[in-house]
Protein chains: 2
Amino acid sequence: MGLLERREKEKDSRRMLILKSARTLFFAKGFKNVTVDKIARFSELGKGSIYLYFNSKEEIYAQILLHDIDKFHRQARSLLNKKKTATELLFEFAYLYVDFFLNDPELFRILMAFMLHTDQMNLSEEQYKKVIADMRRSIDIINNIFQSGIDSHEFPSGIDIKYKQFALWGMLNGIIALHIFSGSESKRKEKIRSTVKSTLQVYINGLKQG
Amino acid sequence: MGLLERREKEKDSRRMLILKSARTLFFAKGFKNVTVDKIARFSELGKGSIYLYFNSKEEIYAQILLHDIDKFHRQARSLLNKKKTATELLFEFAYLYVDFFLNDPELFRILMAFMLHTDQMNLSEEQYKKVIADMRRSIDIINNIFQSGIDSHEFPSGIDIKYKQFALWGMLNGIIALHIFSGSESKRKEKIRSTVKSTLQVYINGLKQG
DNA sequence: TCGATATGTGACTAGTGGTCAGACGTTTTG
DNA sequence: CAAAACGTCTGACCACTAGTCACATATCGA
């Protein structure tokens with residue numbers, strides 16, 4: 001059935017077109033200041049058509065997050081191939097993460113909106129679970145790094161990896177939020193790197209102590 | 001002029017009444033699901049009256065945050081009077097902070113909404129600065145604790161307090177967000193305490209190492 | 001060619017934040 | 001005491017927007 005297949009592909013490319021338009025608009029003006037009608041016009045579609053591909057404005061927002069988490073995950077995975085110490089890998093992961101999610105603050109806003117407002121965002125249970133699963137998958141990379149550090153006796157074997165990975169992830173999110181809050185746009189990237197470096201260094205020193 | 005004074009007081013008590021109503025509703029249903037009209041009805045006022053005391057729905061939201069930050073600050077200040085080591089004080093501050101802002105997740109949502117959406121929240125410059133200043137004031141308590149730790153040689157003198165206090169605050173926020181995201185309502189409080197304990201312990205160990 | 005199916009549309013509905021002309025009550029003034 | 005001035009309150013009203021749906025158009029199989 002080549003036809004159905006082509007249809008699927010076309011449908012998918014429409015979806016991607018809408019997502020791309022929405023992304024541009026959201027990142028330029030923020031969620032509240034973008035109307036579904038604007039997304040439609042920008043995609044050269046009627047408003048009704050948007051709702052053929054998505055069930056709500058919020059769903060579009062969430063889908064952007066899903067798409068980007070996937071992109072991040074691929075980049076983060078590739079870190080593991082590098083021949084580096086676990087400490088170095090943790091730093092690289094941390095830098096990658098903060099750069100990725102701070103690169104455009106709106107992306108981080110979506111992540112936070114999702115984390116904090118899950119119950120109020122009209123998403124299907126399915127979609128909700130998918131975001132969680134995808135996010136977990138990326139956080140698990142921290143887990144892998146920790147484990148390799150233990151295997152190589154870089155970290156003491158007693159540490160409770162499961163907790164530590166989430167704590168570290170939380171730390172990174174907190175630092176990003178902090179810099180969006182207080183940092184001026186221009187110097188943000190350098191400043192956050194130095195905060196991450198200093199914080200992570202202290203944390204890892206503490207970890208190594210056991 | 002006893003009359004003007006009484007008027008001022010009455011006006012202020014109306015403001016507080018509205019804030020209290022709004023708080024109840026926001027905390028029960030979340031920002032998006034509460035209408036200004038509902039706040040008005042709950043306060044036994046007409047909708048127009050709300051706008052005599054506040055300029056926008058968002059301003060009400062922000063004022064709740066301001067009110068609670070103040071409450072937190074008073075509690076946190078009183079910690080400093082205790083005769084404890086800096087390490088102990090850091091733990092107490094951290095517990096107080098996460099308990100306070102997680103006690104009702106909506107409060108943390110307001111904080112985050114404010115941190116992340118400042119540009120999109122129609123607040124006056126004045127109000128915005130007030131929130132920053134008030135928040136800073138509370139974070140400075142961490143600074144005081146660090147300083148006392150250095151003075152008592154509990155921490156090495158070389159550490160860069162300014163950075164560390166913000167990093168620590170960011171960490172706490174990240175951990176709260178993490179638990180709102182993934183924790184089930186019931187066990188949240190115990191779980192977050194143990195995460196905070198473990199994370200902070202590691203961090204402080206690292207700090208002490210210099 | 002014709003019917004069926006998939007895709008697209010924008011006028012319309014329902015609901016919301018915010019405004020404002022006028023009502024009402026209280027104080028001041030002549 | 002009358003009435004003007006002031007402060008407070010109000011809900012009908014406006015502007016805007018997420019989401020719907022009856023209808024239009026395009027594509028395809030028979």
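Within every chain, numbering begins at 1; the chains are lettered A, B, ... in the order of the sequence lines, protein sequences first and strands thereafter.
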Roughly how many Å is it from [atom1] in [X] to [atom2] in [N], rounded to a whole number?
X	N	atom1	atom2	result
A:E58	D:dA18	CD	P	9 Å
A:N33	D:dA15	CG	C1'	16 Å
A:K57	D:dC16	NZ	P	15 Å
A:K32	D:dC16	NZ	C1'	13 Å
B:R41	D:dT10	CZ	C1'	11 Å
B:E44	D:dT10	CD	C1'	15 Å
B:F54	C:dG18	CZ	C1'	15 Å
B:E10	D:dC9	CD	P	9 Å

Q: Check every strand shown and say whether B:Y53 touches a base, only sugar-phosphate, or nothing at a heavy-atom separation below 4.0 Å.
A: sugar-phosphate
Q) Has the side chain of B:K47 got a donor or acceptor atom sitting under 3.5 Å from an opposite partner on the base of C:dG17? A)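 When only heavy-atom distances are counted, B:K47 does reach the base of C:dG17 through a donor-acceptor pair under 3.5 Å.
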Proximity to the side chain of [X] - top-ranked nucleotide from [options]:
X	options	answer
A:T35	C:dG17, D:dT8, D:dT17	D:dT17
A:L52	C:dG18, C:dG17, C:dT9	C:dT9
B:Y51	C:dG8, D:dC9, C:dG18	C:dG18
A:L45	D:dC9, C:dT9, D:dT17	C:dT9

Q.
If you apply the rule side-chain hydrogen bond (donor to acceptor under 3.5 Å, both in side chains), what do you find for A:K164 with B:S198, and how did you get there?
A. CA-CA 8 Å; A:K164 298 283 182 291; B:S198 136; 3.3 Å; yes
**Q.** Donor-acceptor side-chain pairing of A:T85 and A:E88 below 3.5 angstrom
**A.** yes
Q: Tell me yes or no: between the side chains of A:E106 and A:Y61, is some donor less than 3.5 Å from an acceptor?
A: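 Present: a donor and an acceptor within the cut-off.
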Q: Have a look at A:F114 and tell me which of A:F31, A:Y128, A:F108 forms a ring pair (Phe, Tyr, Trp, His ring centres under 6.0 Å) with it.
A: A:Y128
